[in-house]
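Heads up: the structure comes next, in structure tokens.
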Amino acid sequence: MSLSEQQVRNVLAETIDPNTGKSYLAGKCLKNLCLDADGVAFDIELGYPANSQHEIIRQQIVGALAALPGAGRISVRVSSNIVAHAVQVGVKLLPGVRNIIAVASGKGGVGKSTTAVNLALALAQEGARVGLLDADIYGPSQPQMLGLAGRQPESTDGKTMEPLEAYGVQAMSIGFLVDVETPMVWRGPMVSQALDQLLNETHWQDIDYLIVDMPPGTGDTQLSLAQKVPVTGAVIVTTPQDIALIDARKGLKMFEKVNIPILGIVENMSIHVCSNCGHAEHIFGEGGGERMCQDYGSEFLGSLPLEMSIRQMADGGKPTVVGAPDSPAAEIYRRIARRVAVKVAEKAKDMSSKFPNIVVQNT
């Protein structure tokens, strides 16, 4: 006697995905169910990248099914399938890019760029195809953080630029095109045009997630990006400090005004642990990011410590996720990245490609 289809569905209805908090049946993860006299085989298809979780999930489901009488042979294959999700009304998706995630802050100096590069690298480690656009025209930092300083993109067709690549992440930045010591003395319209070119004239190659490291603030450039770029969702980076939170709230409200959902808030520099004595201290305050989430109904994605090694590895071109992959900080970045991907997966799918083009012409 082997398991029935209903028994399998009942077990999956009660087994909870630790990353989504929902059952695998409710999440519509069950695919290719096959029953025979010897046992059962099926696929669990996740809507988010989670290479580090596949074996954990497989063992969880196999263990739940094996507890049933007459379970027989159980074969479960876990995989991920990342699709495009809905963006602002009237904004078309970018060719070669399924989802765009904006990483923003209301002010500079809160670790936004460090967070953006580590989230991109964490998503890539979890199995996604990832791109990183450095949209900070006045202060591009991603070439240095990715160890690509001094490199220049090439063009194979004379029309588009090929993104540079580091640690499995495709990258584009104004820092690849100008000298590192050249100040960008440009007015707003010039900056917006440059960003438009970087975004649309880069040959992004089958990207699941394009992380956009937004310029700090809420001015004309940020508003133009939010209105013209097909953004799936935004992540707000702040510190617990009251001054930083005031500006972070402005950034959050800007995205709300242009109907871009907030995926969550990341709190940087939440606590400092002395490398000599181990004393922990909340230098910039405590709990500010969580209070902001409560005020605006957003999710608190996680907090990161104020650590010298995070800064040193980013400056050295090997950010924490690749420079110290087994460190507690790297695991926090991966956990935040998975949660961001889950939040994207929970959004409505983009259906624009399903509708036919209607052409009206005189005959």
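For the numbers below, each heavy atom of this structure counts, side chains included, while hydrogens, waters and symmetry mates do not.
- Residues meeting the salt bridge (Lys or Arg N to Asp or Glu O under 4.0 Å) test with Lys318, sequence neighbours left out: none.
- For the 3.5 Å distance criterion, the side chains of Asp136 and Ser113 fail to qualify, holding no donor opposite an acceptor.
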Start with the C-alpha distance between Thr156 and Glu162, add both sets of side-chain angles, then the distance that settles side-chain contact (heavy atoms from CB on, under 4.5 Å), and finish with yes or no. CA-CA 7 Å; Thr156 57; Glu162 297 296 320; 3.4 Å; yes
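- By the criterion of side-chain heavy atoms lying less than 4.5 angstrom apart, applied directly or through intervening Ile, Leu, Val, Met, Phe, Trp or Tyr residues, Ile243 is not grouped with Met254; the two fall into different hydrophobic clusters.
- Rounded to the nearest 0.5 Å, atoms CD1 (Ile56) and CD1 (Ile61) are 12.0 Å apart.
- Inspection of the Gln6 and Asn10 side chains reveals an N or O donor paired with an N or O acceptor under 3.5 Å.
- At a cut-off of 3.5 Å, with distance as the only test, no side-chain donor of Gln125 or Tyr333 sits close to an acceptor on the other residue.
- Here Lys22 does not pair with Asp17 in a salt bridge; the nearest charged N to carboxylate O distance is not below 4.0 Å.
- Separation of atoms CD1 (Ile100) and CG (Leu94) is listed at 5.0 Å; rounding is to 0.5 Å.
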For side-chain contact (heavy atoms from CB on, under 4.5 Å), just list the numbers for Val235 and Thr115, CA-CA rounded to whole Å, side-chain angles, deciding distance to a tenth of an Å, and then say yes or no. CA-CA 10 Å; Val235 174; Thr115 299; 5.6 Å; no
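- Taking 4.0 Å as the cut-off between side-chain N and carboxylate O, Glu126 and Arg334 do not count as a salt-bridged pair.
- Side-chain N or O atoms of Trp204 include none that pairs as donor or acceptor with a backbone N or O of Pro163 at under 3.5 Å.
- Between Val258 and Gln88, the closest side-chain pair of non-hydrogen atoms is not below 4.5 Å.
- Put simply, the side chain of Arg77 never gets that close to the backbone of Glu45: no donor and acceptor are under 3.5 Å apart.
- Heavy atoms from other residues, nucleotides or ligands lying under 6.0 Å from CG of Asp242 number 12 at most.
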Before giving the answer on side-chain contact (heavy atoms from CB on, under 4.5 Å), spell out for Leu252 and Ile265 the whole-Å C-alpha distance, their side-chain angles and the decisive distance to 0.1 Å. CA-CA 9 Å; Leu252 185 147; Ile265 295 172; 4.1 Å; yes
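- No side-chain donor-acceptor contact under 3.5 Å links Gln294 and Glu290.
- A donor-acceptor pair under 3.5 Å is absent between the side-chain atoms of Asp43 and the main chain of Ser79, judged by distance alone.
- The shortest heavy-atom contact between Tyr209 and Tyr48 is OH-CA, 4.2 Å.
- In this structure, the separation between CG on Leu3 and CZ on Arg73 is 11.0 Å, given to the nearest 0.5 Å.
- One hydrophobic cluster holds both Tyr24 and Leu33 under the rule that ILVMFWY side chains link at heavy-atom gaps under 4.5 Å.
- Expressed to the nearest 0.5 Å, how far CG of Leu25 lies from CD1 of Ile44 amounts to 9.0 Å.
- Residues His272 and Glu281 bring no donor and acceptor atom of their side chains to less than 3.5 Å of each other.
- Within the 4.5 Å cutoff, no side-chain heavy atoms of Val169 are placed close to those of Ile211.
- With contacts defined as side-chain heavy-atom distances shorter than 4.5 Å, the pair Arg98/Asp206 qualifies.
- Met145 and Thr114 get closest at one heavy-atom pair: CE-OG1, 3.4 Å.
- What you find for Leu210 and Leu133 is that their closest heavy atoms are CD1-N, 4.0 Å.
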Could you walk me through whether Leu146 and Leu164 pass the side-chain contact (heavy atoms from CB on, under 4.5 Å) check? CA-CA 10 Å; Leu146 288 170; Leu164 298 181; over 6 Å; no
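- Not counting sequence neighbours, the partners of Asp247 by the salt bridge (Lys or Arg N to Asp or Glu O under 4.0 Å) test are Lys250.
- Considering only heavy atoms from C-beta on, Val8 comes within 4.5 Å of Leu12 through its side chain.
- Salt-bridge annotation for Arg129 and Glu165: absent, with no side-chain N of the basic residue lying under 4.0 Å from a carboxylate O of the acidic one.
- Under a 3.5 Å cut-off, the side chain of Asp38 and the backbone N or O of Gly72 do not form any donor-acceptor pair.
- Under the 4.5 angstrom side-chain criterion for Ile, Leu, Val, Met, Phe, Trp and Tyr, the cluster partners of Phe284 are Met269, Ile283, Leu306.
- In this structure a side-chain-to-backbone donor-acceptor pair under 3.5 Å is missing from Asp134 to Pro143.
- Partner Lys343 forms a side-chain contact (heavy atoms from CB on, under 4.5 Å) with one of Leu263, Thr20, Ile101, Thr232 and no other, that one being Leu263.
- Looking at Asn268, its side chain never comes within 3.5 Å of a backbone N or O of Thr239 through a donor-acceptor pair.
- Hydrophobic clustering (ILVMFWY, side-chain heavy atoms < 4.5 Å, transitive): Tyr138 and Leu132 are in one cluster.
- At least one side-chain heavy atom of Leu68 sits under 4.5 Å from a side-chain heavy atom of Gln7.
- Residues Gln170 and His203 approach most closely at OE1-O, 4.3 Å, considering heavy atoms.
- Closest heavy-atom contact between Ala13 and Ser23: O-CB, 3.2 Å.
- If you take CG on Leu119 and CG on Asp213, they are separated by 10.5 Å, rounding to the nearest 0.5 Å.
- Of the inter-residue distances, the one linking Leu301 atom CG with Ile236 atom CD1 reads 10.5 Å to the nearest 0.5 angstrom.
- Side chains of Glu307 and Ser309: a donor-acceptor N/O pair is present below 3.5 angstrom, by distance only.
- Hydrophobic clustering (side-chain heavy atoms under 4.5 Å, transitive across Ile, Leu, Val, Met, Phe, Trp, Tyr) keeps Phe300 apart from Ile246.
- Nearest heavy-atom pair, Pro240 versus Gly285, reported as atom, atom and distance to 0.1 Å: CB-O, 3.4 Å.
- Side-chain contact between Gln53 and Leu46 is absent, with no heavy atoms from C-beta onward closer than 4.5 Å.
- Around the NZ atom of Lys347, the shell of radius 6.0 Å holds more than 12 heavy atoms that belong to other residues, nucleotides or ligands.
- By the rule that hydrophobic residues join a cluster once side-chain heavy atoms approach within less than 4.5 Å of another member, Val97 and Val91 end up as members of separate clusters.
- Looking at Glu286, its side chain never comes within 3.5 Å of a backbone N or O of Ile271 through a donor-acceptor pair.
- Crowding of Glu55 atom CD: a count of heavy atoms from other residues, nucleotides or ligands under 6.0 Å exceeding 12.
- A side-chain donor-acceptor contact under 3.5 Å links Ser155 to the backbone of Thr160.
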